[in-house]
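Residue numbers begin at 1 in each chain, while the letters A, B, ... track the order of the sequences.
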Number of protein chains: 2
Amino acid sequence: MELLFSNIQRHISLSEEDKHIISSFWTIKRLNRGEHLLSAGSVCRYDAFVLEGSLKGYITDADTGREEIVFLAVADWWASDLESFHTQHASSLNITAITPATVALISLPAFNELLEKLPKLEKYFRIILQYHVTALLRRIYYRNAHDAKSRYKTFLQQYPALQEQIPQYLIASYLGISAEMLSKIRAQKDL
Amino acid sequence: MELLFSNIQRHISLSEEDKHIISSFWTIKRLNRGEHLLSAGSVCRYDAFVLEGSLKGYITDADTGREEIVFLAVADWWASDLESFHTQHASSLNITAITPATVALISLPAFNELLEKLPKLEKYFRIILQYHVTALLRRIYYRNAHDAKSRYKTFLQQYPALQEQIPQYLIASYLGISAEMLSKIRAQKDL
DNA sequence: GAAAAATCTTGAACTGGTTCAAGAAATGGT
DNA sequence: ACCATTTCTTGAACCAGTTCAAGATTTTTC
């Protein structure tokens with residue numbers, strides 16, 4: 001929970017009282033390796049903040065059964081289907097623990113109530129969403145403008161922490177590369 | 001300006017007084033075809049809401065000079081480099097009018113002052129950013145999981161309006177396809 | 001409304017990356 | 001510690017999409 005406070009405090013200030021209020025709206029959940037936080041077809045009931053471990057968000061192709069990684073999340077990141085969470089419509093996304101993980105969860109009613117009690121959190125969520133949008137636009141740009149090797153190099157620079165926590169074949173999918181190709185890229189000397 | 005009000009009112013309610021306050025913070029600017037709203041290397045001074053016409057956001061490759069489209073924007077959309085706008089650091093993005101365009105502009109100091117005067121706008125911006133994140137994640141998923149033809153078909157369904165306003169070769173770049181390939185896809189009967 | 005510029009089309013050669021396959025190495029569960 | 005499972009590697013055949021080139025068409029400008 002401290003991790004969430006420090007994340008929030010990077011953008012707005014919190015009193016002890018504020019922290020107390022915030023705490024009361026969240027529940028902590030542990031996930032086993034492979035356990036689902038959200039399954040395609042069901043509604044995203046909780047917005048999740050990752051405290052420990054790593055998760056993947058992915059879409060399973062109905063025909064081929066292939067998993068396509070949409071996002072990866074480790075400690076200090078958010079992991080949920082915002083659209084499904086806010087509309088409470090069925091999600092097409094799966095979210096699963098890659099390693100054993102601990103997440104902080106908040107339901108939509110609790111989320112709305114929390115924002116009413118602590119309106120300054122609106123600003124916090126606005127700001128982190130701004131960063132998120134920027135990061136996603138950059139990801140799209142790299143996907144379209146750079147080849148596989150250069151995308152991987154950029155990824156390693158940008159998220160050195162992920163390299164150890166996430167299997168290669170999931171990183172490959174995240175980058176829009178086949179697992180085999182990424183293996184061959186890594187075999188090259190001049191990374 | 002009415003377009004901006006109605007955009008905001010899709011998410012929160014505004015009194016006439018609110019509208020009056022909002023109006024006072026924005027300035028209207030007309031752009032000629034090809035005119036820059038933002039040039040790579042300079043700071044994004046304004047957050048822009050498109051009232052008329054169409055704009056492109058793109059990155060020019062330093063070596064090849066190729067333009068890579070990052071986003072397209074038409075009436076009722078936003079067009080700016082959020083990161084550069086909020087940090088006031090140099091942007092790597094160009095934003096240019098594809099057709100003659102009218103935009104509503106707000107500077108960062110004005111933006112912050114507006115949010116202080118009308119805190120409920122925090123919620124509006126949070127909500128539209130949520131939609132934006134969702135749309136960008138979907139775009140990434142399609143880019144990675146689907147071939148060129150299927151991406152184009154999905155694009156036509158999702159943004160039928162853009163087809164008429166934006167040259168094909170820019171749509172191709174937006175989708176991560178070469179202009180020639182898109183032309184060949186369009187020549188196929190079974191779209 | 002003519003000239004210039006921008007956009008679109010088509011074909012041929014090529015290539016970055018995929019798919020398939022099968023074995024090697026690492027990791028997890030009990 | 002062992003076995004089962006997951007993850008990673010490597011090579012060969014293949015292909016979706018790119019690049020290059022050159023002409024056709026449309027749109028803009030003056």
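We find that CG of B:D61 is positioned 11 Å from P of D:dT19, with the value rounded to whole Å. Between the NE2 atom of A:H146 and the C1' atom of D:dT18 there is a distance of 17 Å, given to the nearest Å.
Contacts between chain B and DNA chain C, taken as any atom within less than 4.0 angstrom of a protein heavy atom, begin and end at C:dA6 to C:dA12.
Salt bridge annotation for A:R138-B:E83: present, with a cationic side-chain nitrogen under 4.0 angstrom from a carboxylate oxygen.
A donor-acceptor contact closer than 3.5 angstrom links the side chains of A:T96 and A:Y58. A donor atom on one side chain and an acceptor atom on the other are not found under 3.5 Å apart for B:R10 and B:Y124.
Shown for residues 161-173 of chain B: residues whose heavy atoms fall under 4.0 angstrom of DNA chain C, namely B:P167, B:Q168, B:Y169.
Taking the ring axis of A:Y174 as reference, the NZ or CZ atom of A:R151 does not stay both within 45° of it and closer than 6.0 Å to the ring centre.
Residues A:S23 and A:F5 have side chains in contact (heavy-atom distance under 4.5 Å, counting atoms from C-beta outward).
Of the candidate nucleotides D:dT19, D:dT28, D:dA12, D:dA12 has the atom nearest to the side chain of A:K184.
With rounding to the nearest 0.5 angstrom, the CG atom of A:L4 is 9.0 Å from the CG atom of A:D76. For the atom pair B:L170 CG and B:L162 CG, the distance stands at 11.0 Å (nearest 0.5 Å).
Across all strands shown, B:I177 has heavy atoms under 4.0 Å from sugar-phosphate atoms exclusively, and none from any base.
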Extract all donor-acceptor atom pairs below 3.5 Å that involve side chains of residues 47-57 of chain B and protein atoms in other chains or at least two apart in sequence.
unit_1, atom_1, unit_2, atom_2, d
B:D47, OD1, B:S80, OG, 2.5
B:E52, OE1, B:R30, NH2, 3.2
B:E52, OE1, B:T102, OG1, 2.8
B:S54, OG, B:T99, OG1, 3.2
B:K56, NZ, B:E67, OE1, 3.3

